[in-house]
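Below is one structure; the comments refer to it alone.
Just so you know, ligand 1 is whichever comes first in the structure, and atom 1 is the first atom listed for that ligand.
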Amino acid sequence: MSGSDKTRDLAGQRVLVCVGGGIAAYKALELVRRLRDAGAEVQVAMTAGAQQFVTPLSFQALSGQPTRTTLWDGAAEQAMGHIELARWADRVVIAPATADLMARLAHGLADDLVATLCLATTAPILIAPAMNHRMWQHPATRANLATLRERGIQVVGPNDGPLAEGESGPGRLAEPEEIVAALSGATLRAATVPQDLAGLNVVVSAGPTYEDLDPVRYLGNRSSGKMGFAVAASAARRGASVTLIAGPVQLATPTGVARVDVRSAAQMHRAVFAALPADIYIGAAAVADYTPREPAANKIKKSSESLALDLVRTPDILAEVAAQTQALKLVVGFAAETNNVAEYARRKLEAKRLDMIVANRVGIADGGFESDQNAMTAYWKDGERSFASAPKTQLADELIDLIVERLNA
Ligand code: CTP
């Protein structure tokens, strides 16, 4: 998509930018500039917190309109009352959406100008959350996010990476360019996607795990993580609150997905259980079945002609999740097989007490681990469905269709 295609449908649109009180507020300045460049008319409303980070005057200079900061400004209300402003907007974007602002929106509060505008508007709302990663992953924020999505509010980001406080994780404000893209084409497309997973928490594992042998070597596998990431992206587009537990992969975090990066099977096990309870668990990761009993503290030196590794079994995350007593609605596993695909897959379905297993054949040309394409078959107790070879993003959408069907079966 070219730059102009991306922003074409913002020309002439009236966009209300609501700025929350977080360090990322400075990026909202760039957002306003880009929206103006795209031909949108922009007005800005700020929370009290936002004004601690950026001045109303900066936004005024960029938007070309007075910045609104309070409900109680007689002169501003006379020029355009807050209800009028809420009506004026064709789109509303909240950037950064802090944990506090998300909580206030979820509960329908009208305790300041921004919250009141969001309650009074009938325009589509897009939020771009930004906060500390622990605040983002807190069950309270997850619940608020689910509520907001259920109401049709679109979400972009947060992205994963270094955070202002020196930590790292999901919590960075989406880049202004991504927010603009989400507001234009992406928002319109998303509006046509059925929100049939709204209100549900989905945990997806993806990618390989690396089991360290010593400080420089590890046991790994060829999983690219593409299938799991595509499934996480698809579930988020359908309205789910998605936590993606990712092994070491070089893939961008899908929009609206909370990502937790891990390395080993043991770390993945901990991260998955920390992300529960959930409604759906999709184990797409290629978890190592064995790990060194004791990784060497120092680099292993070559001394003899052969070397035997002492490996122990890793916990079977999928089987443990499926054995949970708490109410998971659906547990889905993956099986990569080189032969006897159906038989081995069905065996795993039963042995691990899964609701569904998705099997694909590996070791063939143009399919499996590193490919963008794949063909696969899903099995459940009394049925199966084959998916013809297609890009993994398409397969992910089709798999989510099936998951929705099985949920409602
Ligand atoms: N899995 C898991 N934890 C493990 C191993 C596997 O959660 N320690 C999950 C994977 O995410 C995948 C499924 O189990 O969903 C794969 O099943 P598994 O029996 O481990 O497959 P293979 O390793 O291919 O088994 P085998 O070597 O016996 O064929």
Heavy atoms only: which of D289, L354, I282, V272 lies closest to atom 23 (O) of ligand 1? D289
Salt bridge present between D401 and R238 (N-O < 4.0 angstrom): yes
Side chains of Q60 and S58, donor plus acceptor under 3.5 Å: no
Less than 4.0 angstrom from a charged side-chain N to a carboxylate O is my criterion; do D355 and K381 meet it? no
In terms of residue, atom name and distance, what is the protein heavy atom nearest to atom 11 (O) of ligand 1? A285 O, 2.7 Å
Does any N/O atom on A335 come nearer than 3.5 Å to any N/O atom on ligand 1? no
Is it true that a side-chain atom of T314 and a backbone atom of A288 form a donor plus acceptor pair closer than 3.5 Å? yes
Less than 3.5 Å apart, any donor N or O on the side chain of E320 or Q324 sitting next to an acceptor on the other? no
Pair R33 + E30, salt bridge at N-O below 4.0 Å: yes
From I280 CD1 over to L328 CG, what is the distance, rounded to the nearest 0.5 angstrom? 9.0 Å
Salt-bridge criterion met for E211 and R217 (N-O under 4.0 Å): no
Where does P315 meet ligand 1, judged by heavy-atom distances below 4.0 Å: at the side chain, the backbone, both, or neither? backbone
V287-ligand 1 polar pair, N/O distance under 3.5 Å: no
May I ask you to establish whether R263 and Y218 are in a cation-pi arrangement, using a distance under 6.0 Å from NZ or CZ to the six-membered ring centre and at most 45° from the ring axis? yes
Counting from 1 in the order shown, the ligand 1 atoms closer than 4.0 Å to a non-hydrogen atom of G333 are 15 (O)
min-distance protein heavy atom vs atom 15 (O) of ligand 1 -> G283 O, 2.6 Å
Consider every N or O of A284 and every N or O of ligand 1, then say whether any pair is closer than 3.5 Å. no
A265 near ligand 1, heavy-atom distance under 4.0 Å? no
For ligand 1, which is the ligand I care about here, please tell me if K352 has any N or O atom under 3.5 Å from one of the ligand's N or O atoms. yes
Protein heavy atom at shortest distance from atom 24 (O) of ligand 1: K348 NZ, 3.3 Å
Specify the protein heavy atom at minimum distance from atom 12 (C) of ligand 1: its residue, its atom name, and the distance to 0.1 Å. F334 O, 3.0 Å
Salt bridge check, R34 against D37: does any charged N sit closer than 4.0 Å to a carboxylate O? no
Could you tell me the residue and atom name of the protein heavy atom closest to atom 7 (O) of ligand 1, and the distance to it rounded to 0.1 Å? L318 N, 2.8 Å
T314 neighbourhood, listing ligand 1 atoms whose heavy-atom distance to it stays under 4.0 Å: 8 (N)
Atom 3 (N) of ligand 1: the protein heavy-atom neighbour that sits closest, reported with distance to 0.1 Å: I317 N, 3.0 Å
